[in-house]
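Remarks on the structure that follows.
Order of listing sets the numbers, starting from 1, for every ligand and every atom in it.
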Amino acid sequence: MVQHLRRPDDAAGEFGTKNMPRRVFLGLLGGAAALGVIAPGIQAKLAGSVVGGAVGLDGYQIYTVTGGIPTFDPATYRLRVDGMVRRPLSLGLHQLGALRPDTLHATFQCVTGWQVPNQVFEGVNLSRLLAEASPLSGARYLNFYSFDGTYTESLPIRVALGPGAMVVTHLDGKPLSANHGAPVRLFVDHYYGYKSIKWLSRIEASSQPITGYWEHYGYPENAKIG
Ligand SMILES: Nc1nc2c(c(=O)[nH]1)N[C@H]1C(S)=C(S)[C@@H](COP(=O)(O)O)O[C@H]1N2
Ligand SMILES: [Mo]
């Protein structure tokens, strides 16, 4: 079941309330507030937002701020790495598939309180892509763009160079599903799920972070858990 998250002008939040019993919604909100991440003003804004949701069979809630699951053409899809780099990359699915895979065992954790433990992520560590693209010394952030045309995120390069930041192609041994961001999504271990942008198509090295989609509505840029 897909949770359609609309733009915050008609629905301000990741916390859906339409079709959701009020008690459940308040419970979710309370959980996020207990995590200490959502400021009271944002809570009020989110409480006014309305979208429905259900937990998928695999334990995830499927989020999409555009209200749809974007499609792509496998023949023309490219993951670009550009901006402040010496060697811009443009990788097709064959090239991505030919890379030796990295593996990461981790828990997926959304800021609203749900989590999915014991996940096996496979793909390419960002550090390897960066080694290939060779960021310039002034590049301090990576900015991420989705081909859904709306969702964005950022990450300090020092985090991207760590072992927990991966461009994911496979989840639990299977190619990433469309709902989870096919053909590739980001996963950042120890960071809330909103950093893990789906339907990823561009990674831009920059001296500055862009304001990510949820950051624009008040989520902290630093989404580190704990
Ligand atoms: N493109 C895009 N990426 C996204 C989102 C989104 O709505 N659109 N939601 C984020 C949030 S808040 C979470 S918790 C995870 C959820 O991942 P899932 O939909 O695979 O469960 O995706 C993140 N990446
Ligand atoms: Mo999330």
Proximal ligand 1 atoms for Tyr60, defined as those under 4.0 Å from one of its heavy atoms: 21 (O)
Counterpart residues, side chain to side chain donor-acceptor pair (under 3.5 Å), relative to Ser134 (two or more places apart): Arg86
Minimum heavy-atom distance His180-Asp58, with the two atoms named: NE2-OD2, 2.6 Å
Arg185 near ligand 1 by a heavy-atom separation under 4.0 Å: yes
Element-labelled atoms of ligand 1 that are located less than 4.0 Å from some non-hydrogen atom of Ile197: 3 (N), 24 (N)
Lys198 N/O under 3.5 Å from ligand 1 N/O: yes
Passing option when Tyr145 is tested against Thr150, Ile203, Leu200, Ile210 for side chain to side chain contact (heavy atoms under 4.5 Å, CB included): Ile210
Sidechain-backbone polar pair: Trp199 side chain, Phe72 backbone, donor-acceptor under 3.5 Å: no
Heavy atoms from other residues, nucleotides or ligands near CZ of Arg202 exceed 12 (cutoff 6.0 Å): yes
NE2 (His190) with more than 12 external heavy atoms under 6.0 Å: no
Test item, Tyr213 contacting ligand 1 (heavy atom, 4.0 angstrom): no
Check: Tyr194 N/O within less than 3.5 Å of ligand 1 N/O: no
Intermediate values then yes/no, ring pair (Phe, Tyr, Trp, His ring centres under 6.0 Å), Phe108 and Trp114: CA-CA 9 Å; Phe108 193 96; Trp114 58 268; 5.8 Å; yes
Which of the ligand 1 atoms, numbered from 1, are nearer than 4.0 Å to a heavy atom of Cys110: 14 (S)
Part of Phe108 within contact of ligand 1 (heavy atoms, under 4.0 Å): side chain
Ligand 1 contact by Trp114, heavy-atom criterion under 4.0 angstrom: yes
Phe121: ring-ring contact (aromatic ring centres under 6.0 Å, His included) partners, not counting sequence neighbours: Phe187
Atom indices of ligand 1 within 4.0 angstrom of Val65 heavy atoms, with elements: 7 (O)
Proximal ligand 1 atoms for Ser196, defined as those under 4.0 Å from one of its heavy atoms: 22 (O), 23 (C), 24 (N)
Least distance between heavy atoms, Leu89 atom then Glu132 atom: CD2-CG, 3.8 Å
Ligand-residue contact atoms, ligand 1 with Ile62, heavy atoms, under 4.0 Å: 19 (O)
Short N or O distance, Trp199 and ligand 1, threshold 3.5 Å exclusive: no
Sub-4.0 Å atoms of ligand 1 with respect to non-hydrogen atoms of Thr64: 7 (O)
Structural part of Tyr63 in contact with ligand 1, heavy atom criterion under 4.0 angstrom: both
Side chains of Tyr191 and Glu153, donor plus acceptor under 3.5 Å: no
